[in-house]
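Down below is the structure, laid out as structure tokens.
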Number of protein chains: 2
Amino acid sequence: MALRNAVMAALLEGEASGYDLAKGFEASVANFWMATPQQLYRELERMEGEGLVSARVVQQERRPNKRLFSLTEAGRRVLRAYVAGGPAKPLAIRDELMVKVQCVDIGGAEDVAAVLAAVAERVERSTAKLARYRRMQERMLAGRTEDEYLATAERVGPYLTLQGGIALEKGNIQWGETVLERLAQRAAALGGGPAATLSG
Amino acid sequence: MALRNAVMAALLEGEASGYDLAKGFEASVANFWMATPQQLYRELERMEGEGLVSARVVQQERRPNKRLFSLTEAGRRVLRAYVAGGPAKPLAIRDELMVKVQCVDIGGAEDVAAVLAAVAERVERSTAKLARYRRMQERMLAGRTEDEYLATAERVGPYLTLQGGIALEKGNIQWGETVLERLAQRAAALGGGPAATLSG
DNA sequence: TTAGCTTATTCATATAGTTGACTATGGCAA
DNA sequence: TTGCCATAGTCAACTATATGAATAAGCTAA
């Protein structure tokens with residue numbers, strides 16, 4: 001029952017189809033609340049049943065028809081109550097990469113190399129994501145300075161969460177690069193010696 | 001089937017009871033893989049059935065007996081295969097606070113105030129967590145410099161993931177403080193004028 | 001012209017995660 | 001001396017999430 005809040009938050013930007021939400025979750029909410037397409041379609045249906053969103057079918061000529069959902073007044077009220085109400089649940093993270101890093105000492109050089117590769121991949125992904133975020137930021141600012149934007153824009157929520165995403169990815173990249181360095185240094189220091197004997 | 005990897009990673013530090021794992025997940029793995037006690041007890045039982053962990057009952061005098069689990073050789077092999085194998089799933093985040101921030105423009109000053117309070121709470125929690133991480137770091141280093149530690153310690157995984165936790169919480173704090181500032185500025189700029197009229 | 005991609009959605013099944021209550025024991029403080 | 005907190009765990013029921021496949025249309029490049 002928390003996904004629906006994220007969905008409603010996304011629908012604040014305007015109407016969207018299940019498919020729209022599924023790919024990128026309107027490219028902003030997805031960064032802090034992931035969901036699979038099936039999850040979204042089902043939740044949207046339920047929400048429609050409860051009157052939180054309303055759907056209208058858009059006939060399309062060269063593609064399948066789609067149902068565009070928008071937030072109803074009732075949905076808006078529920079969302080407002082949620083925002084104003086109780087404390088937010090603490091941030092929940094699930095990160096396989098960290099589990100692997102935690103285990104980096106388990107075997108020999110090959111295992112370290114595998115972890116290294118995984119960290120490098122994360123750094124690449126984060127770099128790409130950061131670049132995308134930066135472009136989104138520029139589009140939002142549209143020439144204005146941050147101060148101007150924050151003082152005059154109608155909505156600042158999406159900008160602030162985007163800042164959150166940027167901070168997260170920056171942190172990821174910095175951490176990852178440090179780890180790569182440190183592990184390379186260590187591998188060099190151990191020089192195939194003790195590490196190799198541990199690899200059995 | 002991913003929780004078990006986190007559990008095995010935690011058991012690399014040595015044997016632990018379900019209860020030990022539940023409160024703090026050996027105080028390190030929990031930072032990137034949360035699980036409720038029930039989840040852990042159930043998973044440990046299953047893993048025992050599959051021979052990944054073994055349990056021994058420790059009779060206690062002034063407390064209930066406990067079952068201490070440790071990683072078996074089979075478990076170790078499975079964990080190694082996991083670490084070396086396929087790419088890690090991308091980081092999954094669920095953050096209610098971000099959903100609320102995304103919605104900060106939904107109503108009037110009261111709603112903004114609620115979001116502000118939620119962000120402030122997050123900053124406090126993150127500050128406390130960061131302090132705890134710093135203490136853990138000092139304990140790990142035990143007087144050595146980071147370079148010395150990374151070159152000589154038997155295991156560096158837990159240190160590197162701790163660094164990840166530190167980076168994350170630092171990012172959280174910085175972001176949160178920026179948001180608090182920005183929203184306060186904006187509230188002042190709007191000065192109870194337009195914001196109040198939107199509150200209906 | 002056929003294989004694969006994108007749009008757009010639905011169905012069924014499997015796995016994972018949450019919630020609340022319940023059993024025990026002992027320590028500590030009001 | 002009652003009540004709450006910490007240790008240590010179990011059970012049942014529920015909700016949420018993920019996986020895989022199916023359908024159906026048109027577009028594009030080999």
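Numbers restart at 1 for each chain; the letters A, B, ... are given by sequence-line order, proteins then strands.
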### Task
Assign each of Glu43(B) and Lys66(A) to its nearest nucleotide of DNA chain C by heavy atoms, then name whichever residue's nucleotide is nearer the 5' end.
Lys66(A)
### Query
Side chain of Asp105(A), backbone of Gly157(B): donor and acceptor closer than 3.5 Å?
yes
### Task
Kindly determine whether Leu97(B) and Phe32(A) satisfy side-chain contact (heavy atoms from CB on, under 4.5 Å), including the steps that lead there.
CA-CA 9 Å; Leu97(B) 179 61; Phe32(A) 46 85; over 6 Å; no
### Message
Tell me whether the side-chain N/O atoms of Thr36(B) come closer than 4.0 Å to OP1 or OP2 in dT19(C).
### Response
no
### Given dT10(D), dT17(D), dG17(C), the nucleotide with the shortest approach to the side chain of Leu3(A)
dT17(D)
### Query
Is the closest basic N to carboxylate O distance between Lys100(A) and Asp111(A) below 4.0 Å?
no
#### Entry: From dT9(C), dT19(D), dT19(C), nucleotide with atom closest to Lys89(A) side chain
dT19(C)
### Message
Tell me whether the side-chain N/O atoms of Gln60(B) come closer than 4.0 Å to OP1 or OP2 in dT25(C).
### Response
no
### Task
For dG9(D), take OP1 and OP2 only and decide whether either is under 4.0 Å from a side-chain N or O of Ser17(B).
yes
### Task
Mark yes or no for a side-chain to base donor-acceptor pair under 3.5 Å between Arg42(B) and dT18(C), with no hydrogen or angle criteria applied.
yes
### Query
Is there a chain of hydrophobic side chains (I, L, V, M, F, W, Y, each step under 4.5 Å between heavy atoms) that links Val29(B) to Leu68(B)?
no
### Query
Side chain of Pro64(B): nearest nucleotide among dA24(C), dT7(C), dG9(D)?
dA24(C)
### Query
Is any side-chain N or O of Gln38(A) under 3.5 Å from a base N or O of dT17(D), one able to act as donor and the other as acceptor?
no
